[in-house]
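Worksheet for the structure shown next.
Predicted, not measured: the structure shown is a model, and the values here were computed from it. Only heavy atoms go into these numbers, but all of them, side chains included; no hydrogens, no water, no symmetry mates. In listed order, ligands and their atoms are each counted from 1.
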Amino acid sequence: MTRRKLLIGNWKMFKTATEARAFAADLNTESGAAQASVDLAVCPPFTAISALVEALPESVKVGAQNVYFEEQGAFTGEISPAMLVDAGVTLAIVGHSERRTLFGETDAAVGQKAVAAVKHGLTPVICVGENLAERDANQTAEVVARQTRAAIAGLSAEQVAASVVAYEPVWAIGSGRTPEPGDAEAVIDGIRKVISEDKGSTAADAVRILYGGSVKPENIAAFGAQPNIDGALVGGASLDASSFARMATALAGGN
Ligand code: 13P
């Protein structure tokens with residue numbers, strides 16, 4: 001099974017719509033990103049989604065950083081899958097560690113969000129990862145297995161195959177520290193085995209699993225070269241168009 005490489009920028013709470021348009025204009029001048037033989041997506045804040053949908057080339061998809069699982073209703077501050085689809089969004093991050101730790105998102109809610117996303121044709125980007133205490137206690141495999149199982153519980157094998165998982169060790173996010181690529185590979189291989197147990201080997205072979213946490217143009221190729229790592233989910237280094245383009249090129253094997 002050849003899985004196409006995927007680079008996703010998660011802007012978190014950075015950039016206004018005006019700043020997003022400037023990013024798109026800059027990216028359009030970076031021929032490397034446009035020509036990279038990898039799939040590209042950017043997940044801006046909700047308020048910059050339409051600006052990016054208009055300004056980015058068709059080849060760069062626009063994603064959401066979060067999505068609610070209800071169709072509509074009295075849920076102040078939430079955004080439904082249908083609203084995202086209508087705005088031109090094609091993928092949605094679910095279960096990012098910042099949502100889990102700062103906003104109380106549970107394993108069960110992440111599973112509901114994945115189901116709701118898929119129902120509306122959005123690709124869920126399911127985030128899993130251990131925190132430092134869990135890593136120090138040698139609980140990494142157990143934690144990511146629990147998070148993965150809960151996130152995919154309501155999805156069919158075919159739906160899992162078309163989804164994306166991002167392994168983001170919490171201690172590597174925004175810290176400048178990363179696991180050794182071989183260590184990330186081992187965790188991701190474990191995630192694939194969990195998916196195989198729950199949804200079968202076809203789904204496990206097809207699902208794209210990314211690494212995330214302090215990825216930069218300088219280190220992305222080493223992660224992407226691992227057999228089970230299909231790309232990266234990038235925060236800080238995705239905010240600059242030239243850095244994003246360099247990561248696309250590096251992931252494509254261009255340097
Ligand atoms: P950084 O790339 O800034 O470490 O963030 C990773 C992340 O959380 C992406 O979702």
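With Q65 contributing its side chain and P44 its backbone, the two residues share a donor-acceptor pair below 3.5 Å.
Near S214, the atoms of ligand 1 lying under 4.0 angstrom from a non-hydrogen atom of the residue are 1 (P), 2 (O), 4 (O). Listed by number with element, the atoms of ligand 1 under 4.0 angstrom from any heavy atom of G236 are 1 (P), 2 (O), 3 (O). Which parts of ligand 1 touch L233 is read off a 4.0 Å heavy-atom cut-off, strictly below it: atoms 9 (C), 10 (O). Residue E168 has at least one heavy-atom neighbour below 4.0 Å for each of these atoms of ligand 1: 6 (C), 7 (C), 8 (O), 9 (C), 10 (O). Close contacts between ligand 1 and I173 involve ligand atoms 4 (O), 5 (O), 6 (C), 8 (O) [criterion: under 4.0 Å to a heavy atom].
Taking distance alone, with nitrogen or oxygen atoms compared against 3.5 Å, S175 stays at or beyond that limit from ligand 1. Distances between N or O atoms of G213 and those of ligand 1 include no value under 3.5 Å. Taking only nitrogen or oxygen atoms, main chain and side chain alike, E98 does not reach within less than 3.5 Å of ligand 1.
At a 4.0 Å cut-off, at least one heavy atom of K12 sits close enough to ligand 1 to count as contact. Ligand 1 has no atom lying under 4.0 Å from any heavy atom of A237. Contact annotation: G212 has no heavy atom less than 4.0 Å from any atom of ligand 1.
In this structure, a donor-acceptor pair under 3.5 Å is present between the side chains of E130 and W171. Y68 and Q112 share no donor-acceptor pair across their side chains, judged by distance under 3.5 Å alone.
How far OG1 of T106 is from NZ of K113: 9.0 Å, rounded to the nearest 0.5 Å.
When hydrogens are left out, the protein atom nearest atom 2 (O) of ligand 1 is G235 N, 2.8 Å; that is the closest non-hydrogen contact.
Heavy-atom minimum distance, S214 versus S175: OG-N, 3.4 Å.
The pair D230-R4 does not count as a salt bridge, with every side-chain nitrogen at least 4.0 angstrom from each carboxylate oxygen.
Contact of the L239 side chain with the K15 side chain is registered, since non-hydrogen atoms from C-beta on lie closer than 4.5 Å. By the 4.5 Å heavy-atom criterion applied to side chains, K119 and Q159 are not counted as neighbours.
For CZ of F14, the number of neighbouring non-hydrogen atoms (other residues, nucleotides, ligands) closer than 6.0 Å is 12 at most.
By the criterion of a heavy-atom distance under 4.0 Å, the side chain of N10, and not its backbone, is placed next to ligand 1.
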